[in-house]
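Heads up, the thing below is written out as structure tokens.
In what follows, every chain begins at residue 1, and chains take the letters A, B, ... in the order their sequences are listed. Please read these numbers as outputs of a predicted model, since none were measured by experiment.
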2 protein chains.
Amino acid sequence: MATIYEVAKLAGVSPATVSRVFNGMGVSEDKTAAVRDAARQLGFTPNRTARTLRRQASEVIALVIPDIENPYFTEMARGVEDVASEAGYSVVLCNTDSRVDKEATYLQIAISEHMAGVILAAASDHSDLDELLARGRPVVAVDRGTGYDIDGVVMANRQAGQAATENLVQAGYTRIACLTGPEHVETAYERAQGWRGVMARHFPELDLDPLLRYSTFRVDGGREVMEELLGSAEPPDAIVAANNLLGVGAIQVLTEHGMTPPKMGVAVIGSLPFTTLTPSAVTVVRLPARHMGVTAAKMLLGRIGGDTQPARTVVLRNEVQPARI
Amino acid sequence: MATIYEVAKLAGVSPATVSRVFNGMGVSEDKTAAVRDAARQLGFTPNRTARTLRRQASEVIALVIPDIENPYFTEMARGVEDVASEAGYSVVLCNTDSRVDKEATYLQIAISEHMAGVILAAASDHSDLDELLARGRPVVAVDRGTGYDIDGVVMANRQAGQAATENLVQAGYTRIACLTGPEHVETAYERAQGWRGVMARHFPELDLDPLLRYSTFRVDGGREVMEELLGSAEPPDAIVAANNLLGVGAIQVLTEHGMTPPKMGVAVIGSLPFTTLTPSAVTVVRLPARHMGVTAAKMLLGRIGGDTQPARTVVLRNEVQPARI
DNA sequence: ACTCTAGAAGAAATCGATTTCAAGCTCAAG
DNA sequence: CTTGAGCTTGAAATCGATTTCTTCTAGAGT
């Protein structure tokens, strides 16, 4: 309720002086004290809307993600939030459901609310960032690329696919299938490529096509594809699930068929925070989601602070946590 | 970039007229057309900050929750988001980590950003809403009460505890423990009370105290308490987990000890969206989290729209999904 | 003693949309 | 023919903080 004018009147100074006190400009000690005192008495908090209007920039950053119900993204959100709130920024979480139109709406809001920057896990590879970038708002891509020359943080996806597959090969499995997301999604494709490379090297005579299944990055996608594989003429003896939720779906189906690991080898790319399997029954390629969020937030804050070096892409290494039976 | 003044100039009208066109006031057809045309040419989007400053209210609602990594809350967030974005509102997700100080910061931001309203899953039962309510900002409590006379949506917690317990009793278990959250958290206490009532009725001679364990509402809390129970002099033959994450932790420990259900009866209050157990091995009391979000958002939008009827509390019924072995 | 500079502080412009107020205009009723 | 009710429209005030522009004062330098 209290405005800068009321504080000014109570402190016997001009509004400009009050503003200067709160923004660390040169104000004499006695006036500073008077202002702070008056502000305390009135319970004054600067009106952020007015400040944003005048400054043409707010202390809010948008975090735009495709699926708020995926723990991978919420873990990342935590990382972003921790860094941002430490720096006095608040985070608006925007859920796009992987829909380009919802994403466009949120990006438009980011502009018209003068948000300081955007961290974007793009819904598709042709998201339109023209307007945002034209206005000089920094954008950092996470998890997936955008087709623009901007900062980014991604996982080592191909290497993750390789590591998962290699681990199953070492454990003695020979017919390893790959369950991955939509072919046009970069992470899905890259992880599958990692799998393909390792398989081709170890089993050059094997026909890989029946073992590679594209689906959705969701639990039901994993269930569906796993059922298909189990019902096929030559079922696999192990699987690589290219994301956490796919992995959950697949393991559910395996459990229902009494095929729990190690009967069927299972490697999952991405953590399974709420799995009820004993953690060590499955090989997990841990993706440092929180770290990704932290890194992206730091990069974004750097850009907001005026950093103008050329765009960088940070690739985060994964950590393999092998199944111990 | 384009402002209302530039649109006005291009269309040959006053800024006031442009504003009226975008707010559905009486403007003649030809001027309306001219304005829309000019706006399209310039790619004009109204500046939300300026609008908020003038209107003293924005189209943003804050959703304040204690744990963004809990699927229960993200499912609820989805419900809120769907209703809100349908009505042209956007949702800011604020994660408090159950910390009263972080919560207070976010509530302060809600005020100084002129947010239209707040949906709050309180971090404690003495959250301070005085200022928010004094400013006439509507607040809807979800999941837990607040100590204020405001709208609320809660689960039938006691009944959930009863239903879970009753189900295990019917299945023939006789020594049923209860794992719940911090005693001072309303939902934890109420669910435990539901369990206690049913146990007292069926097994009046049983000493319930060793079977009731307060912990945190997190996976590690569930693990810890489950280990304790298994190591105790007289371990239970079944457990009621008062929330989803507690349940996950408990089931993890049971799996490691080869005590998977139905060897040990397990009933969980709250869904296990990403569990890798076959869904039917555990009794689940489904909490309609999405529905809670939808209901709360509707109530809040009603209040924002000027609804002044006395505060209501909606209690949502749960649905028991029994274990089929 | 006089000019010059640096710092402090107030007055007023500014950010962009909304809204009040007043003006101008048309058409109908008396 | 006049009064007035009901429109549309523009001019200008407004929301609250920031920032530029000015003015003023005190202290340094010559």
Roughly, in whole Å, what's the span from [atom1] in [X] to [atom2] in [N]?
| X | N | atom1 | atom2 | answer |
| --- | --- | --- | --- | --- |
| A:E59 | D:dT18 | CD | C1' | 13 Å |
| B:I4 | D:dA11 | CD1 | C1' | 14 Å |
| B:N23 | C:dA17 | CG | P | 11 Å |
| B:E113 | D:dG16 | CD | C1' | 14 Å |
| B:R20 | D:dA12 | CZ | C1' | 12 Å |
| B:I111 | D:dC15 | CD1 | C1' | 18 Å |
| B:H114 | D:dA17 | NE2 | C1' | 11 Å |

> Of the nucleotides C:dA17, C:dC15, D:dG16, which one has an atom closest to the side chain of B:F44?
Replying inline: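 The answer is C:dA17.
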Phosphate oxygens OP1/OP2 of [N]: is one of them under 4.0 Å from a side-chain N or O of [X]?
| X | N | answer |
| --- | --- | --- |
| A:T17 | C:dA9 | no |
| B:T3 | C:dG16 | no |
| B:S28 | D:dT9 | yes |
| A:R55 | D:dT19 | yes |
| B:N47 | C:dC15 | no |
| B:R51 | C:dT18 | yes |
| A:Q56 | D:dT18 | no |

>> Using a heavy-atom cut-off of 4.0 Å across all strands, would you classify B:F22 as base, sugar-phosphate, or nothing?
In response: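 No contact.
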* Sugar-phosphate only, base, or nothing, as touched by B:R48 at under 4.0 Å among non-hydrogen atoms ->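 Contact class for B:R48: none.
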(request) Just jot down the salt bridge (Lys or Arg N to Asp or Glu O under 4.0 Å) partners of B:D149, sequence neighbours excluded, or say none. (result)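 Counting only residues at least two positions away or on another chain, B:D149 forms no salt bridge (Lys or Arg N to Asp or Glu O under 4.0 Å).
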Both A:R54 and B:R54 contact DNA chain D. Taking the nearest nucleotide for each, which residue is further toward the 5' end?
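Result: B:R54.
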(message) Here's a test of your reading of the structure: between B:L53 and A:P15, which maps to the more 5' nucleotide of DNA chain D?
(response)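 First, find each residue's nearest nucleotide; the 5'-ward one identifies B:L53.
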- Item | Closest non-hydrogen atom pair, B:A110 against B:V118 |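 So the minimum-distance heavy-atom pair works out to CB-CG2, 4.0 Å.
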#### Entry: 5' precedence on DNA chain C between A:Y5 and A:V13 (nearest-nucleotide basis)
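The residue whose closest nucleotide sits nearer the 5' end is A:V13.
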Taking only Lys NZ, Arg NE, NH1 and NH2, and the carboxylate oxygens of Asp or Glu, determine whether [X] and [Y] approach each other closer than 4.0 Å.
| X | Y | value |
| --- | --- | --- |
| B:R303 | B:D151 | yes |
| A:D97 | B:R78 | yes |
| A:E75 | A:R290 | no |

